[in-house]
2 protein chains.
Amino acid sequence: MPTDGIPAPRNLAEFEERLRRVGGTLPKRLKQCAEYVAANPDKIAFATVADIAARAQVPASALMRFCQEMGFSGYSQMQKLYREEYSQKWPDYTTRLASLRNGGGETPSGLLAEFSEAGRSSIENLARSVDPELLRKAVTVLAGARTIHIVGLRRTFPVASYLAYAFEKMSIPAILHSGVGNLTQHHMLGEGDALIAITFAPYTADTVALAEAAAQRGVEIVAITDLPTSPLAALDALHLLVSEIDVGNFRVLAATMTLAMTLSVAVGARRRLL
Amino acid sequence: MPTDGIPAPRNLAEFEERLRRVGGTLPKRLKQCAEYVAANPDKIAFATVADIAARAQVPASALMRFCQEMGFSGYSQMQKLYREEYSQKWPDYTTRLASLRNGGGETPSGLLAEFSEAGRSSIENLARSVDPELLRKAVTVLAGARTIHIVGLRRTFPVASYLAYAFEKMSIPAILHSGVGNLTQHHMLGEGDALIAITFAPYTADTVALAEAAAQRGVEIVAITDLPTSPLAALDALHLLVSEIDVGNFRVLAATMTLAMTLSVAVGARRRLL
DNA sequence: CCCAAAATGGAATATACGTTCTGCTTACGG
DNA sequence: CCGTAAGCAGAACGTATATTCCATTTTGGG
């Protein structure tokens, strides 16, 4: 416990402020600690006490005293601060919503709040995780295609139908493979076409089958999927990964829709330039 | 040590590539590990074995076997890979989004940033603006309906199809009025049914027509729309208002999808209690 | 249907790490 | 120049964590 009544800093900014204020008044070794910590915030998140201490050229115990002097219970608590800052926390909805679901006694507006939060962070995560280069390539492929085929069944069908609508509006030739009437339309896939395949675990067989047929016919494939282990991985498709949250068996589609929208508008813009 | 001669991956990309190749052939528990790891790379950098294992719903030993199967000596070595990757990214992760945004609407990732922002604020706005009491009433109406009819055409069709999928999965009798084949299905609307009508300005005539037919037959209506002045206002429907942002002529459907999801899950929960 | 091989879960073990304690050194005031 | 208090380093400790081992279950082939 801290000998003096100084409380632990709540966030990084508060801590750095404190560092700045008291930094000058510390004894030699502790000042070394302060300087190293201030100069290498990124290292703190990962490294161990011994590691940091060695780099700052102080014994481990000095670093411990430093942490306690700053109001933390110890090194671990200080490190937690840095880790939180580092990975902006994306709360664990899978477990949270599971309990909520079992509890059952939730009000509709409570649910709305939960789903809003889930959708919001899904979208934020999407913006952070999508590889810009991959996205650019996907747009290039689609913009160069003669006809864009779209397949997404069951829970991804809303996304597929959205893409179809968007392309139609921009007068870009696109075909939505909806599976209506159980018609297979493999023969429509031709050289120079591209396919957008959307599928999440458990992967719909028909979607995978269509993608495989497309690959055989030399159709380029852009896959919107959740994991790099999806069956589409076997084909050499461009993989745009979206990690989204399931509630029960329902996928929050907010991020996927956002990605679909981006794709369609970007393709539209690129086509107009050609 | 790795029992087979597979060498440890040198970097994250190489590892993810390996995940993709062998991911499908792994036994159940190990596949669970593979999927969790692939979907939550950010967690790996910080969390402990026990932590990750719990989240992936496997015993710790399974996770260890997974790491070794992938060529690592153990969990620690795998974690090191993720930490290295992350410490490279760190300095600019905060500035990345900003630069994406400033990069402007020309590049695909610039667009993604814009749409993400649009979706995010639409959802936030939704959570604030929807009247809880109205939402509760809508759920009550839908939960009490014999059959739920759903209509949403053109750009709202993705939402309508999403609702249809959700209800079907929960074995709640629902009919999606898709307009396929230009068939009108007004005669299916009967006493004790309810209709979810989704339409935004400019209001699709067929949607409004169906809603009017429904009103005449004593079907209760839940309207998802953008303005209180919509044509559906004339009928005494419950109006759930969603103000969403248009980018170009494309409506970001993130908020509407979120609302749809809330409705379906809430109705499902309520029905189960009845 | 049975047997062998693979997979699995949990307990047991080893290790790494944070934290504390103690004896020694340095700085400072009288 | 001495005495006291603060600073310090390294060893010692206990805990948290990774890793291994083994008994049991499951899977797949003959």
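Sequence lines set the chain letters: A, B, ... in the order given, protein chains first and strands last, and positions in each chain run from 1.
Put simply, NZ on B:Lys31 is 16 Å from C1' on C:dT8, counting in whole angstrom units. For B:Gln68 and D:dT19, the CD to C1' distance is 8 Å, given to the nearest whole Å. Distance B:Lys28 NZ to C:dA7 P: 14 Å, rounded to the nearest Å. In this structure, B:Leu63 atom CG and D:dT19 atom P are separated by 10 Å, rounded to whole Å. At whole-Å resolution of the value, NZ in B:Lys80 and P in D:dT17 are 20 Å apart. Distance B:Gln79 CD to C:dA16 C1': 13 Å, rounded to the nearest Å. Between the CZ atom of A:Phe72 and the P atom of C:dT19 there is a distance of 12 Å, given to the nearest Å. With rounding to whole Å, B:Met78 atom CE is found 14 Å from D:dT19 atom C1'.
Within the model, atoms CZ of B:Arg271 and CE of B:Met170 stand 9.0 Å from one another, a figure rounded to the nearest 0.5 Å.
Counting only heavy atoms from C-beta on, B:Ala60 has its side chain closest to D:dT19 among D:dT19, C:dT8, C:dT19. When distances are taken from the side chain of A:Tyr75 to each of D:dG7, D:dT19, C:dG18, the shortest belongs to C:dG18. Distance from the side chain of A:Ser76 is smallest to C:dG18 among C:dT20, C:dT8, C:dG18. Of the candidate nucleotides C:dT19, C:dC21, D:dC8, C:dC21 has the atom lying nearest to any side-chain atom of A:Ser61. Of the candidate nucleotides C:dT8, D:dT20, D:dG7, D:dG7 has the atom lying nearest to any side-chain atom of A:Pro27. Relative to the side chain of A:Val49, the nucleotides D:dC8, C:dT8, C:dT19 differ in distance, and C:dT19 lies closest.
A 6.0 Å sphere centred on CD of A:Glu220 holds no more than 12 heavy atoms belonging to other residues, nucleotides or ligands.
The aromatic rings of B:Phe46 and A:Phe46 lie parallel to each other, with less than 30° between the two planes, well short of the 60° mark.
Here B:Lys31 does not pair with B:Glu35 in a salt bridge; the nearest charged N to carboxylate O distance is not below 4.0 Å. Between B:Lys80 and B:Glu84 there is no salt bridge, since no side-chain N of the basic residue sits under 4.0 Å from a carboxylate O of the acidic one.
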